[in-house]
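The structure under discussion appears below in the form of structure tokens.
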Amino acid sequence: MKFLHLADLHLGRRLCDAPLLEDQRHILGEILEIARREAVDAVLLAGDVYDKPVPPVEAVALLDEFLTALSQLGAAVLLVSGNHDSSERLAFGGRLMDKRRVYVAPAFDGAAPPVTFSDAYGAVQVFLLPFVKPAHVRRVYPEDILEDYTQAVAAVLRRWAPDPAARHVLLCHQLVTGGTRSESEYISIGGLDNVDGAVFDGFDYVALGHLHRPQSVGRETVRYAGSPLAYSFSEGEQEKSVTVVELLEKGNVTVRTVPLTPLRPVRSLRGTLEELLNGTSEDYLRITLTQGGTLPHTWARLKSRYPNLLKLEYAEVAASLPSLPGEGEALLSPLELVEAFYKSRNDAAMTDAQRALAGKLLEEIWEDTP
């Protein structure tokens, strides 16, 4: 079986208020061509299909075009919702789409039966797990004690109990411990939403969504496909791709990537106003001026050379602000931010009781966030 693994389309997203629908239509066209050229049996779409739970109509129309085109290629499509999606809205008409081999995971209501394919080596079962929080799983399995995301996901997978002698694929949207974030992704209460990768040990391949950088976590076959486009300037240097996965006999899995070329790259430029006015580009840009640019028409002058300039910064101002961590560096959790704010206002650290109360309140807020 040959699968094309992609994730985090975020249809309808904007970058610094610039609409990206044209860029998304272009990259979906590239993905369609890869699916055709690779003659894949199925496409695995691992969540965050839309950028908002209630997406704009243009984004819904674009997804409809994409799924229709994939279906016309003869490939099955398997799709789960992510934390940005409304699982109920995304699954609307799912039973009708099954007839066209487009399988959408319903809103979580318990361990669902897998979608089964066959090849020369026998059956391949693909399990579809939409994004879940412990609260979602507790409602379905109230008898289980579920204190964190690892226990919640493990509770679901335990009920599936895949046969270790057969071949199994899991399609899901979660944050696996050890993955590298980008600045465009949500940050939870320091590690609260992490899932230990050991819960996936029964699966031959785990097709993940949520993190925008293409990467494997723990083992090569537990993998994030990454987003097909850069959705923040921290992602501008990443090579975006889709992942091609081939399952042969049990234990024989190959994983490779196929690079994607955006319509307009996302880049950062730095230099003096004089230097920058000698250049030109239609890329999406963040420009940092190291000298000059104090005149009132600086933005307009740069915009005439760089029509897709989205963000203008001044090095002198940036140097005076607290530095933010880069990609891969430690990010402050909300609790750490609360502690820092408390200390700045009171010139004293929080007590253990205050820290425990703040942590409890933050966890309740995070748990209730859709």
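Just so you know, residue 1 is the first one in the sequence shown, and it goes up from there.
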Scanning both residues in full, the closest heavy-atom pair of L273 with R301 reads CD2-NH1, 3.8 Å
So CH2 of W160 and CG of L170: to nearest 0.5 Å the spacing works out to 6.0 Å
* Asked: For atom CD of E237, is the number of surrounding heavy atoms from other residues, nucleotides or ligands below 6.0 Å larger than 12?
  -> no
Between the CG atom in L285 and the CG atom in L312, the distance rounded to the nearest 0.5 Å is 11.0 Å
So CG of L310 and CZ of R14: to nearest 0.5 Å the spacing works out to 11.0 Å
Of all heavy-atom pairs linking L4 and A35, the shortest is CD2-CB, 3.9 Å
Contacts of E58 meeting side chain to side chain donor-acceptor pair (under 3.5 Å) (sequence neighbours excluded), chain-then-number -> none
Mark yes or no for whether Q354, through its side chain, and T351, through its backbone, hold a donor-acceptor pair below 3.5 Å. yes
Across all chains, not counting sequence neighbours, the side chain to side chain donor-acceptor pair (under 3.5 Å) partners of S87 are none
Less than 3.5 Å apart, which donor and acceptor atoms pair up between the side chains of residues 106-120 and the rest of the protein, not counting sequence neighbours?
from, atom 1, to, atom 2, distance (Å)
D119, OD1, Y121, N, 2.8
D119, OD1, G122, N, 3.2
D119, OD1, R167, NH2, 2.6
D119, OD2, M1, N, 2.9
D119, OD2, R167, NH1, 3.1
D119, OD2, R167, NH2, 3.4

Practice prompt. Using atom types as modelled and distance alone, determine if a side-chain donor or acceptor of T257 lies under 3.5 Å from a backbone N or O of S241.
Written response: no
* Does the side chain of F203 reach to within under 4.5 Å of the side chain of L157, using non-hydrogen atoms? -> yes
Separation between CD1 (I27) and CG (L6), nearest 0.5 Å, reads 11.0 Å
- Query: Is it true that the side chains of S216 and R223 contain a donor and an acceptor less than 3.5 Å apart?
  - Reply: yes
For the residue pair R286 and R267, establish whether any side-chain heavy-atom pair is separated by less than 4.5 Å.
no
So salt bridge (charged side-chain N to carboxylate O under 4.0 Å, His left out) across residues 39-50, not counting sequence neighbours, yields none
Is E38 reaching over with its side chain to a backbone N or O of I34, donor-acceptor style, under 3.5 angstrom? no
Does the pair L175 and L211 meet the rule for a side chain to side chain contact (heavy atoms under 4.5 Å, CB included), with working shown? CA-CA 7 Å; L175 174 60; L211 297 184; 3.6 Å; yes
Exercise for the section: Establish, yes or no, whether the cationic atom of R13 lies under 6.0 Å from the six-membered ring centre of Y50 and within 45° of the ring axis. Expected result: no
R355 meets the salt bridge (charged side-chain N to carboxylate O under 4.0 Å, His left out) criterion, sequence neighbours left out, with E339, D352
With sequence neighbours left out, the residues meeting side-chain contact (heavy atoms from CB on, under 4.5 Å) with N308 are R264, E282, Y284
Taken to the nearest 0.5 Å, the spacing of L70 CG from R36 CZ works out to 13.0 Å
Open item on the list: Just so I know, are the side chains of V104 and F92 near enough to count as touching, which here means a heavy-atom distance under 4.5 Å?
Closed with: no
Any heavy-atom pair between the side chains of L247 and F3 that's under 4.5 Å?
yes
Q: Could you please spell out the steps behind the salt bridge (Lys or Arg N to Asp or Glu O under 4.0 Å) verdict for D148 and K133?
A: CA-CA 8 Å; D148 57 32; K133 294 184 175 183; over 6 Å; no
Discussion item. Can you tell me if R100 has over 12 outside heavy atoms packed within less than 6.0 Å of its CZ?
Written reply: no
Contacts of K250 meeting side chain to side chain donor-acceptor pair (under 3.5 Å) (sequence neighbours excluded), chain-then-number -> D204
Going only through I, L, V, M, F, W and Y residues with side-chain contacts under 4.5 Å, is there a path from V255 to L78?
yes
Checklist entry - Taking the six-membered ring for Trp, are Y205 and H5 ring centroids under 6.0 Å apart? => result yes
Of all heavy-atom pairs linking D51 and G12, the shortest is CB-C, 4.3 Å
Note to self: Working note: N194 + V176, criterion side chain to side chain contact (heavy atoms under 4.5 Å, CB included); need CA distance, chi angles, decisive distance, verdict.
What the structure shows: CA-CA 5 Å; N194 282 19; V176 179; over 6 Å; no
Scanning both residues in full, the closest heavy-atom pair of Q151 with I145 reads OE1-O, 3.4 Å
Salt bridge (charged side-chain N to carboxylate O under 4.0 Å, His left out) pairs touching residues 64-89, sequence neighbours excluded, are R25-E65
Checklist entry - Would a distance-only check, ignoring hydrogens and angles, find a side-chain to backbone donor-acceptor pair under 3.5 Å from H173 to A46? => result yes
Subject >> Side-chain heavy-atom pair Q238, P214 within 4.5 angstrom cut-off >> reply: yes
Are a donor atom and an acceptor atom from the side chains of D8 and H210 found within less than 3.5 Å of each other? no
Notebook entry, point to check: What about V253 and V217, same hydrophobic cluster or not, with Ile/Leu/Val/Met/Phe/Trp/Tyr joined at side-chain heavy-atom distances under 4.5 Å?
Noted result: no
hydrophobic_cluster_shared for V195 and V206, side chain cutoff 4.5 Å: yes
Inset, instruction - Dump the intermediate steps for side chain to side chain contact (heavy atoms under 4.5 Å, CB included) on S86 and V54, then the final yes or no. - result: CA-CA 7 Å; S86 163; V54 183; over 6 Å; no
The reported gap from CZ in R101 to OG in S71 (rounded to nearest 0.5 angstrom) is 8.5 Å
Check: L15 and Y231: side chain to side chain contact (heavy atoms under 4.5 Å, CB included), yes or no, with the steps?
Finding: CA-CA 6 Å; L15 180 62; Y231 289 126; 5.7 Å; no
>> side chain to side chain donor-acceptor pair (under 3.5 Å) for R305 and T280? Distances and angles first, verdict last.
In response: CA-CA 5 Å; R305 307 293 297 174; T280 184; 4.9 Å; no
Residues at least two apart in sequence or cross-chain that pass salt bridge (charged side-chain N to carboxylate O under 4.0 Å, His left out) with K311, listed by chain then number, are E313
Sequence neighbours excluded, the answer for side chain to side chain donor-acceptor pair (under 3.5 Å) partners of T254 is none
* Asked: Got S227 and K240 here, is their nearest side-chain heavy-atom distance under 4.5 Å?
  -> yes
For F200 and R219, the nearest pair of non-hydrogen atoms, with its separation, is O-NH2, 2.9 Å
So that I can tick it off, tell me whether E239 and R213 are bridged by a salt bridge, with the cut-off set at under 4.0 angstrom between side-chain N and carboxylate O.
no
When every non-hydrogen atom of L62 is compared with those of L11, the smallest separation belongs to CD2-CD2, 4.0 Å
Residues 68-84 vs salt bridge (charged side-chain N to carboxylate O under 4.0 Å, His left out), sequence neighbours excluded, gives none
Does some side-chain heavy atom of I31 sit less than 4.5 Å from a side-chain heavy atom of L260? yes
Across all chains, not counting sequence neighbours, the side-chain contact (heavy atoms from CB on, under 4.5 Å) partners of E274 are T272
